Structure formats: C-alpha cells, structure tokens
Protein chains: 2
Amino acid sequence: MPRTPDPKIRDRSRTEAAIVLAARDVLAESGFQGFGVNAVARRAGCDKQLIYRYFGGLEGLIDAIGGEIATWVEDSLAATGQAPPATYAELTERLILGFLEALRANALVQKIAAWEIAESSPLVARLAAARGAALSRWMALMRGGLAPPDGLDAPALNAMLIAAVQQLALSGAAAGSFAGLPLKTDEDWDRVRAAAVRIVRGLYAG
Amino acid sequence: MPRTPDPKIRDRSRTEAAIVLAARDVLAESGFQGFGVNAVARRAGCDKQLIYRYFGGLEGLIDAIGGEIATWVEDSLAATGQAPPATYAELTERLILGFLEALRANALVQKIAAWEIAESSPLVARLAAARGAALSRWMALMRGGLAPPDGLDAPALNAMLIAAVQQLALSGAAAGSFAGLPLKTDEDWDRVRAAAVRIVRGLYAG
DNA sequence: TGCAAATATCACCGGTGGGTGACATCTCGC
DNA sequence: GCGAGATGTCACCCACCGGTGATATTTGCA
C-alpha cells in the first residue's frame with residue numbers, strides 16, 4: 001500500500017482535481033495564449049477527452065477555476081486584520097493597502113485583471129465575472145458604517161485609487177516598473193504605499 | 001485612367017502601406033490573439049508571402065507599426081495646448097488630463113498598454129518599447145522648469161496618477177466600467193477628470 | 001521587341017489545436 | 001461470477017497557422 005495513492009487507480013474526483021490544478025498552472029504560467037484543451041490535458045497527464053466528459057469543455061473548466069478565486073478574498077481579508085477603523089480616511093487607507101498586498105500576492109488574479117482589458121474572449125469574460133464578484137464582496141466586507149466626507153465624489157476617487165494600485169501591481173509583476181518608477185524591491189513598494197497613504201489622507205483627512 | 005489607382009497595378013510601396021494598415025487594423029480589432037501572417041494577409045487582400053518578402057516576417061511588421069506610434073505623441077501634444085503652466089500643480093494637472101484624453105483617443109495605444117501587462121511575447125516587447133519611448137518623450141516635453149514642492153515623493157505620486165488614469169482608460173474601453181464606476185458617457189469621464197484634479201490639487205496646491 | 005528583374009500568386013508541407021467516436025479496462029452491485 | 005456502467009485511452013477528422021518553393025504576370029530597360 002503506497003502512501004501516495006497509486007495514480008493508476010480510477011478515481012474521478014482525483015482526476016478532476018488534477019485537471020483543475022493543471023489548468024490553473026497553465027493559465028498562470030503560459031497565460032491565456034497557451035491555454036487549451038491539449039495543453040491542460042498534457043499537463044494533467046490525462047486524456048483531453050476527460051476534460052470534455054467532466055467539465056463540458058474549457059468553459060466549464062474556467063468556471064471551476066473561477067470558483068477558487070472566491071477563496072482569494074477570504075484569505076486576503078483574513079490577512080488584512082479585523083480591527084474596525086475609526087474614520088473614513090482610515091478605512092480607505094486600509095482598503096487600498098490591503099488590496100495592494102492581496103493583489104501582489106496572487107499571480108493568477110493579477111493575470112485575470114490584465115486579461116480583462118487585453119483580451120475579449122468568452123473565457124476571459126467568465127473569469128472576469130468571478131473576479132468582479134469577489135471584488136464586490138471585498139468592498140462590502142470592508143465597508144463599515146462609515147460615510148465619506150460631504151462634497152467629495154468618493155466612488156470616483158476610490159475607483160481612481162484602486163485603479164492606480166491595480167495598475168502598479170500589474171506592471172510591477174510584468175515589467176518591474178511603471179513610468180520610470182521601479183517596482184521590485186520592498187523599498188520600491190514602500191514608496192508606493194506612502195504615496196497612496198498621502199493621497200488618501202489629503203483627500204479624506206485634510 | 002481611374003483617379004483611384006487600379007489595385008491591379010503593381011506598386012510595392014502601395015502594397016507595403018496596405019499591409020501595414022491591415023496589420024494595424026487586425027491588431028486594434030482582433031487583438032494580439034488573432035494577429036498572424038495569415039490574418040494580416042487576408043485583410044490586406046494580398047498573399048502572405050509578401051509580408052515575408054517586404055518585412056521579413058511579423059517582427060519587421062511590428063517594427064513598422066511601432067514607428068507610427070511616435071506620431072501619436074506629436075498629435076496628442078499638439079492637441080494639449082502649449083501655454084506654459086505657472087505652477088507645478090497646474091503642470092501636473094494638465095499632464096494628467098492630457099494623458100487621459102490622448103490615451104482614450106487611441107485604441108491601438110490602449111491595446112499596447114494592456115498587452116504589456118498581459119502577454120509576454122517578443123512581439124509585444126517590441127511594441128511596448130516603442131510606446132515607452134513615446135511616453136518618455138511626452139514626459140520630457142511636458143516638464144518645464146518647474147519643480148515639485150519639497151517633502152513630496154513626486155515621482156511616486158505622479159506614477160500613481162498616471163497609473164490610475166491609464167487603468168481607467170483601459171477598463172473604460174474594454175468593459176465600460178471599473179470597480180463599479182461607469183466609464184461610458186461624457187459625464188462619467190467628467191467625474192474622473194474632477195477626481196483627478198481634486199487629487200492633484202490636494203497634493204500640490206494644498 | 002525581347003528579355004530579365006520585380007512583383008504577386010499559388011500549392012504545398014509540417015505542426016498544432018479543438019472536437020468526437022470507438023475501444024479498453026476497471027468497479028461495483030446483483 | 002458476471003454484467004453494466006463508470007473511468008480512462010486511442011485514433012482520427014477537420015481547420016488553421018507559420019513558413020517555403022515554384023510559378024505566373026507585369027514592368028522597365030536595353
């Protein structure tokens with residue numbers, strides 16, 4: 001009796017898990033370009049026919065992966081800490097910084113965010129929908145009973161902050177810099193964090 | 001003698017121009033996914049062999065397109081206006097807003113910016129290099145003799161602003177919204193512009 | 001006019017991808 | 001033990017892509 005179960009054994013659930021894992025890997029490594037039935041099957045070490053039988057093709061496989069993104073939110077929120085903020089500035093600051101860390105820590109979610117604006121295939125749309133739902137959840141959970149100061153278009157301002165952080169996280173991962181700003185070392189990211197805090201406080205705590 | 005030259009006539013320069021134009025169109029419409037020798041040749045209405053003969057393959061063709069991006073900067077700067085700004089806040093404000101308009105007006109440059117973070121092929125790298133050079137030129141031309149206020153990490157702050165604007169322009173073109181903020185109508189973009197101005201003034205004119 | 005070079009087209013190759021039907025092998029209930 | 005269904009494998013089809021050699025047609029020069 002081997003501790004690691006004999007791969008020759010017939011176990012649908014195990015095979016399904018292997019396929020999903022292989023698909024995740026192929027996506028994260030080769031990108032959407034090389035993502036296909038053949039590539040995933042090769043990587044999973046099984047026949048591509050099984051992808052059709054168990055997932056109904058690539059679309060179903062994408063949906064299975066999308067489901068895993070929900071866990072990204074859970075993990076990220078758990079890591080962000082739960083102490084309730086006292087002011088709207090503090091809330092926003094924590095939201096922005098937490099989003100930056102969460103995004104930087106998950107290469108697959110980064111890729112999805114990039115594909116959303118670069119490709120336009122039904123497969124990407126499905127993944128993007130999963131990410132969007134996760135993001136909404138994130139926003140809702142982070143939003144306490146606090147209200148932004150009057151006279152400010154908080155949705156637009158916050159969208160810009162999130163947009164900036166996302167773009168920097170993506171460019172940092174892909175190119176190591178953005179518009180001349182290096183995005184590699186911890187010190188580089190400290191500058192980004194400080195800039196974000198500066199902007200948030202200038203808006204909401206000034 | 002037809003005014004519009006007979007396409008049956010053999011004219012290498014005309015054919016080359018048609019190929020470059022077709023390549024531009026294919027890139028802007030179908031994205032990098034559908035970009036290939038066959039697609040471009042089909043679109044240009046000529047044989048793919050000519051792409052190899054005249055451009056040495058896809059790489060040479062990409063280089064030819066990259067050259068056209070330089071004109072994007074010229075056109076954009078011409079449209080931004082030339083009156084010199086009086087303060088650093090004013091300079092930054094104009095730079096950000098001008099960048100937003102220029103980026104929103106050029107679908108191909110948008111796509112290139114998206115591919116830079118989504119794909120990693122030598123072809124994309126060539127295009128990205130062309131865009132990077134154009135951007136540097138933009139920055140240099142816009143920068144007068146003005147200096148940012150002391151005590152601020154202007155490079156990081158400005159990179160965040162540019163990043164925010166770029167992400168919003170890209171998401172707006174691709175999805176029509178970002179993080180729940182609609183990015184379709186002129187009014188939507190007015191909100192974005194107002195938010196950008198607010199941030200800039202909060203940073204540099206406060 | 002005649003001929004060579006430039007221009008454009010065609011036919012084909014090997015490789016790959018998505019998709020499917022047929023077949024082999026295992027598992028489990030009867 | 002045995003048969004049916006579940007699980008896994010194989011072989012094949014068709015379409016497309018990048019790339020290339022051979023060929024047809026036009027142009028321009030001698």
Side-chain angles (χ1 to χ4, degrees), chain A residues 1-2 4-23 25-27 29-65 119-127, chain B residues 1-2 4-23 25-27 29-65 119 121-126:
Chain A
M1 335 252 109
T4 48
D6 186 351
K8 294 297 257 327
I9 205 173
R10 300 204 166 191
D11 183 340
R12 171 166 177 163
S13 63
R14 182 184 313 278
T15 305
E16 284 181 352
I19 291 175
V20 171
L21 182 63
D25 289 348
V26 169
L27 266 185
E29 286 178 15
S30 312
F32 223 84
Q33 194 80 0
F35 185 69
V37 182
N38 294 290
V40 171
R42 259 196 303 273
R43 177 109 184 190
C46 71
D47 196 274
K48 61 179 174 181
Q49 173 75 12
L50 301 182
I51 295 177
Y52 291 102
R53 260 218 273 278
Y54 296 156
F55 298 93
L58 281 184
E59 291 200 355
L61 191 48
I62 284 289
D63 289 341
I65 294 176
E119 328 235 0
S120 56
S121 81
L123 264 37
V124 171
R126 283 172 176 261
L127 270 183
Chain B
M1 337 248 114
T4 48
D6 186 350
K8 294 297 257 328
I9 206 175
R10 299 203 166 191
D11 183 340
R12 170 165 178 165
S13 63
R14 180 183 313 280
T15 304
E16 284 181 352
I19 291 175
V20 172
L21 182 63
D25 289 348
V26 169
L27 266 185
E29 287 178 15
S30 310
F32 227 89
Q33 194 80 3
F35 185 69
V37 182
N38 294 291
V40 172
R42 259 196 305 273
R43 177 108 185 191
C46 69
D47 196 275
K48 61 179 172 179
Q49 172 74 15
L50 301 183
I51 295 177
Y52 292 102
R53 256 216 274 282
Y54 296 156
F55 298 94
L58 281 185
E59 291 200 355
L61 191 48
I62 284 289
D63 289 341
I65 293 176
E119 327 235 2
S121 80
L123 263 38
V124 171
R126 282 170 177 261

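Just so we're clear, the structure is a prediction, and the values are computed from it rather than from any experiment.
Atom pair Gln49(B):CD and dC17(D):P shows a separation of 17 Å (rounding to whole Å applied). Atom-to-atom, CD1 of Ile51(B) to P of dG19(D) comes out at 11 Å; the value is rounded to the nearest Å. Counting to the nearest Å, the P atom of dT7(D) and the CD1 atom of Ile19(A) are 12 Å from each other. Between Arg42(A) atom CZ and dT9(D) atom P there is a gap of 15 Å when expressed in whole angstrom units. Rounding to whole angstrom units, CG of residue Leu50(B) and P of dT20(D) are separated by 15 Å. The distance from atom CZ of Phe32(B) to atom C1' of dG18(D) is 15 Å, rounded to the nearest whole Å. Rounded to an integer number of Å, the gap from Leu58(B) CG to dG18(D) P is 6 Å. If you measure from atom CG of Asp47(B) to atom P of dG18(D), you get 13 Å, rounded to the nearest angstrom.
Side-chain N/O atoms of Tyr54(B) include one lying less than 4.0 angstrom from OP1 or OP2 on dA8(C). Proximity of Asn38(A) to the phosphate of dT16(C): no side-chain N or O atom is located under 4.0 Å from OP1 or OP2. Close to dG8(D), at under 4.0 Å from its OP1 or OP2, lies a side-chain N or O of Thr15(A). Checking the phosphate oxygens (OP1, OP2) of dT26(D), no side-chain nitrogen or oxygen of Arg12(B) falls inside 4.0 Å. For dA8(C), neither phosphate oxygen OP1 nor OP2 lies less than 4.0 angstrom from any side-chain nitrogen or oxygen of Arg14(B).
Glu16(B) and Phe55(B) make their closest contact through O-CZ, 3.8 Å (heavy atoms, listed as atom of the first residue, atom of the second, distance). Taking each heavy atom of Ala22(A) and Arg43(A) in turn, the nearest pair found is CB-CG, 3.6 Å. Nearest heavy-atom pair across Ala44(A) and Ile19(A) is CB-CA, 4.0 Å.
For Arg53(A) against dT7(D), no side-chain N or O and base N or O form a donor-acceptor pair under 3.5 Å.
Checking dG19(D), dG21(D), dC17(D) against every side-chain atom of Lys48(B), the shortest atom distance belongs to dG19(D). Distances were taken from every side-chain heavy atom of Ile9(A) (C-beta onward) to each of dT27(C), dG18(D), dT9(D); the shortest belongs to dT27(C). The Arg10(A) side chain lies nearest to dT7(D) when the options are dT7(D), dC10(C), dC10(D). Comparing dG19(C), dG18(D), dA8(C) by their nearest atom to the side chain of Val37(B) picks out dG18(D). For Tyr52(B), the side-chain atoms get nearest to dT20(D) when compared with the rest of dC10(D), dT25(C), dT20(D).
Note that CZ of Arg126(A) is 4.0 Å distant from CD of Glu59(A), once rounded to the nearest 0.5 Å.
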Evaluate Ile62(B) against Leu27(B) for side chain to side chain contact (heavy atoms under 4.5 Å, CB included), listing each step before the verdict.
CA-CA 10 Å; Ile62(B) 284 289; Leu27(B) 266 185; 4.3 Å; yes

